[in-house]
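Quick note on labels: first sequence line is chain A, next is B, and so on, each numbered from 1.
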Amino acid sequence: MKKYLPVEVENKWQRTWREQGVNKFSLDSSKEKFYNLVELPYPSGDLHIGHWFAFVPPDVMARFKRMQGLNVFFPNGFDAFGLPAENAAIKRGIHPKDWTMSNIETMTKQFQTMGTMIDWDHQAITCLPEYYKWNQWIFNRMFEKGIAYRGKTLSNWCPKDKTVLANEHVESGKCWRCGTEVIQKEVEQWFLKITAYADQLIWKEPPQADWPASVRDGQNNWIGKKTGINITYNIEGSDETVEVFTTRPDTNFGATFIALAPEHPKALAITTKDNKASVKAYLEKSKKKTELERKENKEKTGIFTGSYAINPLTNFKMPIWIADFVLINFGTGALVGVPGHDKTDFEFAQKFGLEIKRVVVGKDGDEGEIKDIKQVQEQEGKIVNSDFLNGLDIHPATKKIMDYMEEKGYGKREVEYHIHDWSISRQRYWGTPVPIIHCPNCGMIPVPDKDLPVELPYEVDFTPTGEPPLASNKEWLKVKCPKCQGEAKRDAETLDTFFDSSWYFLRYLDPHFDNGPFDPELAKILMPLDIYFGGSEHTLGHTLYARFFTKFFKDLKMVEYDEFAKVRVQHGVVLGPDGNRMSKSRGNVINPDDVVKEYGTDTVRLYLSFMMPYDATAPWSPGAISGIYRFLTRIWQLYDKMTKVELSKEDLTVMNQTIKKVTQEINEVKFNTAVAAIMSWLNHLSRKDKVSKNEYKNLILVLAPFAPHITEELWQRLGEKESIHLQSWPKVDEKYLQTEQVSIVIQVNGKVRDTINLSIDILNNQSDILKKALESTKVQKFLQGKEIKKTIYAKGKVLSLVV
RNA sequence: GCUGAUGUGGUGGAACGGUAUACACGUUGGACUUAAAAUCCAAUGGCCUUAGGCCUUGUGGGUUCGAAUCCCACCAUCAGCACCA
């Protein structure tokens, strides 16, 4: 056979598959369904090696499952809204829509060269009205249920541009655009009440779906449920009280001060006359600090209000301070300082000369003065050792004191979460318009479903001016109130793009479905996802949001399942050949198009499957890929060795063992070892003079998911008419898995001294094996003059002698 | 600091508590070539001159007949979060 020329083979089959519709999905109720999905890509305009790594191994999975007889659904789309399009537009004067759509076109073409079985007929593009119409529809449902609401949050605010700035747009406290000093301001925004689902989103044991522990722990941590108590302290000589949240009331015996966040509403009310001026100055100063600055600057600052709160447990007079290390968003925006048991409190107390008391709880620990932070940390450990907390919400000692305090009326139990409601407002153009109408008479009125979508107008001024770009199109902005028919205005904000990607996999089922965001009948059949591939950067964002949407849809009885993906698999990163992240500035970027040109798609696919575990991060190796090419060439040339030949027992064993191994490994998402098994088999076949047709067929069948083109070519050369990818996965014949001889390791005192070959019929007979072992001169040497005290036999593996 | 993960040849990496280093790259030697490339064959963890033996999975302990694997402590790297009361 002539030389293996990948380009010829690959173009031909990609074309043929398209023409014959080999990868068209159709529902087949006679088969078990398998919804295989990769996170939808952002249309950046160029398909890079990361995309290949994200999509190729999942494609192997999809093809493998199809050959195993499953009804595999593997769609893809584009996450097409978002900032980069708008930035490109601002920079180069291209409209975001044109930029995005042309990128999608390029990338779709590039995707073709990857040779995946993705069925593009189910594609959804999130920036098209037929998609975002349903974002708006979902938003309306959320608005009705109070899940979408208008709330306030502290944000970076540029007073000149009158706009909210993201943290990365604040450069040393100044606005990136106009250089004005940025302040912290409470701004009205749209929120989704994800906290309403916080409890449901916490992963329980055993997990309700097969997601990596790192993801489950990460999400639980992020949700950060804490049971504590809100203690109300009276203030000496005043009717005012101050409320403080704590998860550790057991340390309250050592509480010596109170600290309020500068934004705390009572900050000034609590301040005594004499201190008003200095407190005001402090509040002004901290207002100017950005959140970032406050976090970066670890040096504690604060100011005394002049008031004292009474600790009901000890009657201690606790001075009330205002300090910017206290977060307004957590708890009550105030904390009770226990410097004897908390590092932060200790630093603060030490700096301002506040009293440091230590509590002795239980029998552990001894009283004494505290001199340094290390001592605090050591003692902290003694009171509630976190080991005790395993699987418990609260430590029993803490619970006891909470009960006591509630009984006495000092406070009330409260559950706090680290997770905040999700801010979804963006003062940007390239996103889904919020389907709300602001009417001076009726307030906020959702755009009626029948009037959806609220289309994004093409003509807007999206260069940054301060106000949301949509507000620049006055004609679009002006609207009649659906309720009173009076003059009203549209909401000019757009939705965070994570909204789009929280439910897109449902849209794929039927992207043209007209009666709702998705076809509920199809959802019943095809959802949840059987496997969801993606990046680890989405642990706390996208996948959590998608789970949240799932819970919401379930409440609305739109879906029946609890988790949208049965299995979650997170991939690693392909680094540049120098071991660094690929970047243009480093010049270490591997362009997949170039590599494909040099070696062909199949080689790149196989390389990406083989070179590392799917979840690993490792450098691209230009040398190793040529080894993969060599492997495919050897497969190609092995064709010529094919002839009518009787297979030996060994051949059959190797074949069946390999098929079994490859099957197992792909099922466990271990593509690299699956390929290694095929390579070993090829090594075995290469050593033979003749290869049977059956062997060769099975070889290319197990290779087909990895290298779809070359295997198709070879398959058809064998005279087959139907695509190799529609064939059944080879079956393992169990009777050939056993070899006649088994090698047993003989250990003396735990060290390997010899291996002996035994026929399988005496495998169960320990005394026979021992007899054989004692015949070995190597073993004898180590037994000389010693008495065997003990013999341990692990069947078919090891005979261990202790002397 | 917290949470999670990882640590095995020159490199990427294999190994249900049971022959550590599969598979591949690289390197070295050989065959074929006038020569090179390509291809094929062989060797390839370290140490001891060899038969043979000793050591080796980040470090130190432990459990076990037997540990890369399980337990404890430490060190290092990576990722996410971080003044969370």
### Message
Within the 4.0 Å heavy-atom criterion, would you say N683(A) contacts the bases, only the backbone, or no part of the nucleic acid?
### Response
sugar-phosphate
### Query
Would S767(A) and N765(A) count as having a side-chain donor-acceptor pair, cut-off 3.5 Å?
yes
### Query
Y793(A) has an atom OH; how far is it from atom P of U64(B), in whole Å?
24 Å
#### Entry: Nucleotide C83(B), atom P - distance to CG of L335(A) in whole Å
13 Å
### Task
Name the nucleic acid region contacted by K3(A), choosing base, sugar-phosphate or nothing; use a 4.0 angstrom heavy-atom cut-off, strictly under.
nothing
### Task
Measure the distance from CG on N329(A) to P on C81(B) and round it to the nearest whole Å.
17 Å
### Message
Side chain of A676(A), heavy atoms from C-beta onward: which of U19(B), C23(B), A15(B) has the nearest atom to it?
### Response
C23(B)
N/O-N/O pairs, protein side and nucleotides 5-13 of chain B side, under 3.5 Å:
residue, atom, partner, partner atom, Å
G12(B), O2', M611(A), O, 2.6

### Query
When rounded to the nearest Å, what value does the distance between C1' atoms of U64(B) and C71(B) take?
12 Å
### Task
Taking only the side-chain heavy atoms of T246(A) (C-beta and beyond), determine which of C81(B), A85(B), C65(B) contains the nearest atom.
A85(B)
### Message
Syn or anti for G12(B)? Use the chi torsion, O4'-C1'-N9-C4 for purines and O4'-C1'-N1-C2 for pyrimidines, with syn inside 90° of 0.
### Response
anti
#### Entry: Step-by-step salt bridge (charged side-chain N to carboxylate O under 4.0 Å, His left out) determination, K412(A) to E406(A)
CA-CA 6 Å; K412(A) 206 168 163 269; E406(A) 276 195 315; over 6 Å; no
### Message
Under 3.5 Å for both donor-acceptor distances, Watson-Crick or wobble: does A24(B) have a partner, and if so which one?
### Response
U11(B)
### Query
Considering every strand shown, what is the Watson-Crick or G-U wobble mate of C2(B) when both distances are under 3.5 Å?
G80(B)
### Message
Is there, by distance only and without an angle test, a donor paired with an acceptor across the side chain of K300(A) and the base of C83(B) below 3.5 Å?
### Response
yes
### Message
Please determine whether salt bridge (charged side-chain N to carboxylate O under 4.0 Å, His left out) holds for the pair K351(A) and E347(A), giving the CA-CA distance in whole Å, both sets of side-chain angles, and the decisive distance to 0.1 Å.
### Response
CA-CA 6 Å; K351(A) 180 160 178 196; E347(A) 282 172 15; over 6 Å; no
### Task
Using a 4.0 Å heavy-atom cut-off across all strands, classify S743(A) as base, sugar-phosphate, or nothing.
base
### Residue pair E665(A) / T673(A), side-chain donor-acceptor N/O under 3.5 Å
yes
### Query
In terms of side-chain heavy atoms, does H538(A) have a donor or acceptor partner in E39(A) at a distance below 3.5 Å?
yes
#### Entry: Sugar-phosphate, base or nothing in reach of R216(A), heavy atoms under 4.0 Å
nothing
### Query
When the distance from OH of Y607(A) to P of C25(B) is rounded to whole Å, what number comes out?
12 Å
#### Entry: Partner of N252(A) by side-chain contact (heavy atoms from CB on, under 4.5 Å), out of I231(A), I401(A), I229(A), V244(A)
I231(A)
### Query
Is there a side-chain polar atom (N or O) of R753(A) under 4.0 Å from OP1 or OP2 of C65(B)?
no
### Task
Would you mind classifying the nucleic acid contact of V745(A) as base, sugar-phosphate or nothing, using non-hydrogen atoms under 4.0 angstrom?
base
### Query
With a 4.0 Å cut-off on heavy atoms, is G623(A) in touch with a base, just the backbone sugar-phosphate, or nothing at all?
sugar-phosphate
### Task
Report yes if a donor N or O on one partner sits less than 3.5 Å from an acceptor N or O on the other, where the partners are the side chain of Q747(A) and the base of G18(B); otherwise report no.
yes
#### Entry: P atoms of U56(B) and G62(B), separation to the nearest Å
14 Å
### Message
For a quick check under 3.5 Å, do Y614(A) and N672(A) share a side-chain donor-acceptor pair by atom type?
### Response
no
### Task
For residues 573-583 of chain A, pull every pair meeting side-chain hydrogen bond (donor to acceptor under 3.5 Å, both in side chains), keeping only residues two or more places apart or in separate chains.
D578(A)-N580(A), D578(A)-N588(A), S583(A)-S585(A)
### Query
Is there a donor-acceptor contact under 3.5 Å from the side chain of Y233(A) to the main chain of I258(A)?
no
### Query
Taking atom P in both U44(B) and G52(B), what distance in whole Å separates the two?
15 Å
### Message
Please determine whether a side-chain nitrogen or oxygen atom of N220(A) lies at a distance below 4.0 Å from atom OP1 or OP2 of G4(B).
### Response
no
### Query
Between E598(A) (CD) and A38(B) (P), how many Å, whole number?
12 Å
### Query
Applying the ring-ring contact (aromatic ring centres under 6.0 Å, His included) test to W620(A), which of Y607(A), W52(A), F53(A) qualifies?
Y607(A)
### Query
Considering only A85(B), G18(B), U19(B), which nucleotide approaches the side chain of L327(A) most closely?
A85(B)
### Task
Under 4.0 Å between any heavy atoms, over every strand shown, what does A334(A) touch: base, sugar-phosphate, or nothing? Just pick one.
base
### Query
Would one find a side-chain N or O of K778(A) under 4.0 angstrom from OP1 or OP2 of G53(B)?
no
### Polar side-chain contact T344(A)-C83(B) base: donor and acceptor under 3.5 Å
no
### Task
Identify the nucleotide, in any strand shown, that forms a Watson-Crick or G-U wobble pair with A73(B), with both distances under 3.5 Å; if there is none, say none.
U59(B)
### Task
With a 3.5 angstrom cut-off on both distances, give the Watson-Crick or G-U wobble partner of U64(B), or none if there isn't one.
none
### Rounded C1' spacing from C84(B) to C75(B) in Å
29 Å
### Task
In whole angstrom, give the distance that lies between atom CZ of R581(A) and atom P of C78(B).
12 Å
### Task
Determine the interatomic distance between C1' on A14(B) and the same-named atom on C23(B); round to the nearest Å.
7 Å
### Query
Is K300(A) close enough and on-axis enough to F325(A), meaning under 6.0 Å and within 45°, for cation-pi?
yes
### Query
Base, sugar-phosphate, or nothing: which does L540(A) touch, judged by heavy atoms less than 4.0 Å apart?
sugar-phosphate
### side-chain N/O K751(A) vs C55(B) OP1/OP2, d < 4.0 Å
yes
### Message
Both W222(A) and S621(A) contact RNA chain B. Taking the nearest nucleotide for each, which residue is further toward the 5' end?
### Response
S621(A)
### Query
Taking atom C1' in both G7(B) and U59(B), what distance in whole Å separates the two?
11 Å
### Message
Measuring only the P atom in each nucleotide, how far is G58(B) from U77(B)? A whole number of Å is fine.
### Response
16 Å
### Task
Please determine if a side-chain N or O atom of R630(A) lies less than 4.0 Å away from the OP1 or OP2 oxygen of C25(B).
yes
### Message
Whether K226(A) contacts A85(B) is assessed here as follows: a side-chain N or O lying under 4.0 Å from the phosphate OP1 or OP2. Is that the case?
### Response
yes
## Note on the structure
Taken to the nearest whole Å, CD/E668(A) to C1'/A14(B) is 14 Å
### Task
Could you tell me which nucleotide pairs with U19(B) by Watson-Crick or G-U wobble geometry, both distances under 3.5 Å, or answer none if nothing does?
none
### Query
Which part of the nucleic acid does G627(A) contact within heavy-atom distance under 4.0 Å: base, sugar-phosphate only, or nothing?
sugar-phosphate
### Task
Please determine if R753(A) forms a cation-pi arrangement with F782(A), meaning its NZ or CZ atom is less than 6.0 Å from the six-membered ring centre and no more than 45° off the ring axis.
yes
### Message
Work out how far the P atom of U11(B) is from that of C47(B), and round it to whole angstrom.
### Response
15 Å
### Query
Can you tell me how far C1' of U39(B) sits from OH of Y629(A), to the nearest Å?
13 Å
